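Reviewing the structure listed below.
The figures that follow rest on heavy atoms only: side chains count, while hydrogens, waters and symmetry mates do not. Because the structure is a prediction, the values reported are computed rather than measured.
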Amino acid sequence: MSILTRVTRQNPSTATFLARHLSSAASKLHASYTFKPPSSLTPEPQCANSPPTKPNQRKPKPKYRPPSSLDPAGLKRVRSNDLPFDFRFSYTESSPKVRPIGLREPKYSPFGPGRLDRKWTGVCAPAVDPTVESLEGAEDPKLEEQRKKKREMIQGKPLTSDERKALVSQFERSKTNRHVNLGRDGLTHNMLNVIQNHWKFAEAVRIKCMGVPTMDMKNICTQLEDKTFGKVIFRHGGTLILYRGRNYNPKKRSVVPTMLWKPHEPVYPRLIKTTIDGLSINETKEMRKRGLALPALTKLAKNGYYAFLVPMVRDAFLSCELVRIDCEGLERKDYKKIGCKLRDMVPCILVTFENEQVVVWRGKDYKPPKDGYFLKDRESFDDDNDDLNVGEEQQAM
């Protein structure tokens with residue numbers, strides 16, 4: 001480049017001659033080899049109305065398609081006639097008695113489009129004829145009889161004391177690590193499939209319960225036996241052992257359809273009202289301030305065992321009208337469920353959930369329940385409990 005510049009400065013006619021010679025040589029080369037650039041290098045003609053594209057611009061992402069628009073091709077349709085109960089996301093944390101006031105999503109089935117012969121109401125898939133027009137109303141009384149008959153057929157003859165003890169010792173924590181975790185959502189629908197898969201290889205399965213559902217262990221045991229057709233043969237704290245039954249056949253088990261995604265929770269009425277029934281606005285505000293200033297009855301650990309909470313609150317109401325429970329570190333959804341369970345099981349009136357605290361009030365006309373709620377931490381399922389009772393008495397002494 002420097003040589004051409006010097007020649008141009010010294011003799012302009014020579015520079016003109018060199019430029020003509022180079023252009024003629026380039027034309028001869030182009031005529032001989034006829035080089036054509038690839039199509040990827042040639043710019044595409046743009047429309048007059050289209051905006052100019054940048055060279056490194058990424059392709060736009062495809063638009064979101066809701067699960068109801070998934071292609072059902074290739075998916076098998078599951079028959080649910082062998083399971084005489086309503087399909088819900090959670091059987092322990094949702095009650096058919098409580099009616100929602102609205103839905104957060106359209107009524108498409110979480111099992112996938114066209115995969116189940118039941119209709120999804122937004123809350124559950126009722127065990128009714130799918131051709132009926134209305135799905136509202138109470139459960140068919142025949143469903144409970146069907147579940148009872150099927151469970152009795154699968155269980156067969158009850159276990160003897162020695163058989164039960166042998167199974168319990170086989171599934172202790174020190175003997176095997178195989179177990180099922182039951183967490184904050186309680187007994188979910190997909191857990192039924194997990195329990196059935198464990199029963200393929202063993203007669204029983206150990207279930208470890210944690211978090212909010214442990215406040216009502218009786219409900220957990222009832223729902224497990226009702227939905228799996230098994231039998232709880234051991235319970236110590238939050239640990240259960242679920243027996244599959246003598247006549248259980250893994251090859252002939254009922255197919256449990258799987259939920260492909262978790263449905264959104266419906267909209268329920270507010271737990272905390274602006275004013276408590278029977279009190280004015282100023283009295284309600286004063287009660288919330290007093291409740292938050294009280295010393296905490298107990299502090300709950302995350303994913304802990306909460307079966308002791310109901311009897312503790314009932315005992316505290318004998319001497320104080322307000323009770324505060326410290327739920328620091330727990331998710332808001334968890335301590336809202338705790339307050340809802342306390343309201344139904346104690347019973348009591350919810351005051352506030354502020355500052356990760358649950359404050360409850362016993363009410364003006366509080367009467368302690370006569371039956372009480374003192375659930376034993378360890379239960380025996382044998383007819384002859386003498387050995388176990390002697391051992392417990394020795395530990396107490």
note = Sorted by chain and number, sequence neighbours left out, side chain to side chain donor-acceptor pair (under 3.5 Å) with Ser254 holds for Lys150
query = Is a donor on one side and an acceptor on the other found under 3.5 Å between the side chain of Arg244 and the backbone of Ala204?
reply = no
query = Are Leu83 and Gln146 close enough, and set up right, to give a side chain to side chain contact (heavy atoms under 4.5 Å, CB included), and what steps lead you there?
reply = CA-CA 9 Å; Leu83 301 172; Gln146 294 178 14; over 6 Å; no
task = Go through the steps to decide whether Tyr306 and Met217 satisfy the test side chain to side chain contact (heavy atoms under 4.5 Å, CB included), and finish with yes or no.
result = CA-CA 9 Å; Tyr306 305 149; Met217 291 299 300; over 6 Å; no
note = Closest non-hydrogen contact found for Pro347 with Tyr366 is O-CE1, 4.2 Å
inquiry  = Under 4.5 Å between side-chain heavy atoms, counting indirect links through other Ile/Leu/Val/Met/Phe/Trp/Tyr residues: same cluster for Trp120 and Leu116 or not?
reply    = yes
query = Are Met287 and Val313 connected in the hydrophobic side-chain network, where two residues link if heavy atoms are under 4.5 Å apart?
reply = no
query = Taking only residues two or more places apart in sequence, or in another chain, which ones meet Lys341 in a side-chain contact (heavy atoms from CB on, under 4.5 Å)?
reply = Glu93, Val212, Met215, Met345
key: Contacts of Glu265 that satisfy side-chain contact (heavy atoms from CB on, under 4.5 Å) - sequence neighbours left out   = Lys333
ask   = Is the closest side-chain heavy-atom distance between Thr352 and Leu292 below 4.5 Å?
value = yes
request  = Taking the side chain as every heavy atom from C-beta outward, state whether Arg164 and Val168 have any atom pair closer than 4.5 Å.
outcome  = yes
message = Which residues pass the side-chain contact (heavy atoms from CB on, under 4.5 Å) test with Ser174, not counting sequence neighbours?
response = Glu172
key: Residues Gln223, Thr228; criterion side chain to side chain contact (heavy atoms under 4.5 Å, CB included); working and verdict   = CA-CA 8 Å; Gln223 293 296 333; Thr228 63; over 6 Å; no
remark   = On a heavy-atom basis, the closest approach of Glu356 and Gly329 is OE1-N, 3.1 Å
key: Donor + acceptor pair across side chains of His179, Asn177 (<3.5 Å)   = no
key: Check: Asn247 side chain, Gln155 main-chain N or O, donor-acceptor pair, under 3.5 Å   = no
message = According to a hydrophobic-cluster definition based on side-chain heavy atoms being under 4.5 Å apart (Ile, Leu, Val, Met, Phe, Trp, Tyr only), do Leu271 and Val310 belong together?
response = yes
ask   = Do you know which two heavy atoms are closest between Gly186 and Met191, and how far apart they sit?
value = O-SD, 3.6 Å
message = Would you compute the distance between atom NZ of Lys299 and atom CG of Leu330 and round it to the nearest 0.5 angstrom?
response = 10.0 Å
Donor-acceptor pair, side chain of Thr284 and main chain of Ser280, under 3.5 angstrom = yes
key: Partners passing side chain to side chain donor-acceptor pair (under 3.5 Å) against Asn193 (at least two apart in sequence or in another chain)   = Thr258
ask   = So which residues get pulled into Tyr268's cluster when ILVMFWY side chains under 4.5 Å apart are joined, directly or through others?
value = Val98
ask   = Under 4.5 Å between any side-chain heavy atoms of Asp326 and Leu297, yes or no?
value = no
key: Point-to-point distance, once rounded to the nearest 0.5 Å, from NZ of Lys227 to CD1 of Ile195   = 12.0 Å
query = Does Thr176 reach the main-chain N or O of Phe171 with its side chain, forming a donor-acceptor pair under 3.5 Å?
reply = no
task = Return the set of residues passing side chain to side chain donor-acceptor pair (under 3.5 Å) with Arg173 (not counting sequence neighbours), or none when no residue passes.
result = none
query = Is any side-chain heavy atom of Pro100 closer than 4.5 Å to a side-chain heavy atom of Val123?
reply = yes
inquiry  = To the closest 0.5 Å, what do you measure between CD1 (Ile207) and CZ (Arg235)?
reply    = 13.0 Å
message = Can you list everything that forms a ring-ring contact (aromatic ring centres under 6.0 Å, His included) with Tyr91? Sequence neighbours excluded, please.
response = Phe85
inquiry  = Test: ring pair (Phe, Tyr, Trp, His ring centres under 6.0 Å). Region: residues 184-208. Which pairs qualify, not counting sequence neighbours?
reply    = Phe87-His189, Phe111-His189, Trp199-Tyr248
message = As a test of understanding, state which of Arg151, Lys148, Arg147, Glu144 forms a side chain to side chain contact (heavy atoms under 4.5 Å, CB included) with Asp226.
response = Arg147
request  = Show your reasoning for whether side chain to side chain contact (heavy atoms under 4.5 Å, CB included) applies to Leu192 and Leu187.
outcome  = CA-CA 8 Å; Leu192 302 180; Leu187 176 61; 4.3 Å; yes
key: Same apolar cluster (I L V M F W Y, side chains within < 4.5 Å links), Ile272/Ile338   = yes
task = Taking the side chain as every heavy atom from C-beta outward, state whether Leu279 and Lys364 have any atom pair closer than 4.5 Å.
result = yes
remark   = Arg343 meets the side chain to side chain donor-acceptor pair (under 3.5 Å) criterion, sequence neighbours left out, with none
message = For the OG1 atom of Thr239 and the CE atom of Met210, what is their distance to the nearest 0.5 Å?
response = 10.0 Å
ask   = Parallel, tilted or perpendicular: which describes the rings of His236 and Phe234, with under 30° parallel and over 60° perpendicular?
value = tilted
ask   = What are the two closest non-hydrogen atoms of Gly122 and Pro266, and how far apart are they?
value = O-CG, 4.2 Å
message = Hydrophobic clustering (ILVMFWY, side-chain heavy atoms < 4.5 Å, transitive) - are Leu103 and Met259 grouped together?
response = no
note = Taken in chain and number order and not counting sequence neighbours, the residues that satisfy side-chain contact (heavy atoms from CB on, under 4.5 Å) with Asp185 are Phe89, Thr188, Lys262, Lys337
Under 3.5 Å, sequence neighbours excluded: what are the donor-acceptor pairs made by side chains of residues 317-325?
| residue | atom | partner | partner atom | Å |
| --- | --- | --- | --- | --- |
| Ser319 | OG | Ala316 | O | 3.4 |
| Glu321 | OE1 | Trp361 | NE1 | 3.3 |
| Glu321 | OE2 | Arg290 | NH2 | 3.3 |
| Arg324 | NE | Leu294 | O | 2.6 |
| Arg324 | NH1 | Gln357 | OE1 | 2.6 |
| Arg324 | NH2 | Leu294 | O | 2.8 |

Glu225 (side chain) donor-acceptor with Thr222 (main chain) under 3.5 angstrom = no
key: Contact check, side chains of Leu182 and Ile220, non-hydrogen atoms, under 4.5 Å   = yes
query = If you round to the nearest 0.5 Å, how far is SG of Cys209 from CG of Asn303?
reply = 12.0 Å
message = Checking the side chain of Arg288 only, and the main-chain atoms of Val351 only, is there a donor and an acceptor separated by less than 3.5 Å?
response = yes
task = Could you grab the distance from atom CD1 of Ile349 to atom CG of Leu342, nearest 0.5 Å is fine?
result = 13.0 Å
ask   = Does Lys231 use its side chain to pair, donor to acceptor, with the backbone of Leu242 at less than 3.5 Å?
value = no
Check: Lys251 main-chain N/O paired with Asn249 side-chain donor or acceptor under 3.5 Å = yes
ask   = Between Glu331 and Arg184, is the closest basic N to carboxylate O distance under 4.0 Å?
value = yes
query = So, do Leu224 and Leu240 sit near enough that their side-chain heavy atoms are less than 4.5 Å apart?
reply = yes
task = Taking the side chain as every heavy atom from C-beta outward, state whether Ile241 and Val232 have any atom pair closer than 4.5 Å.
result = no
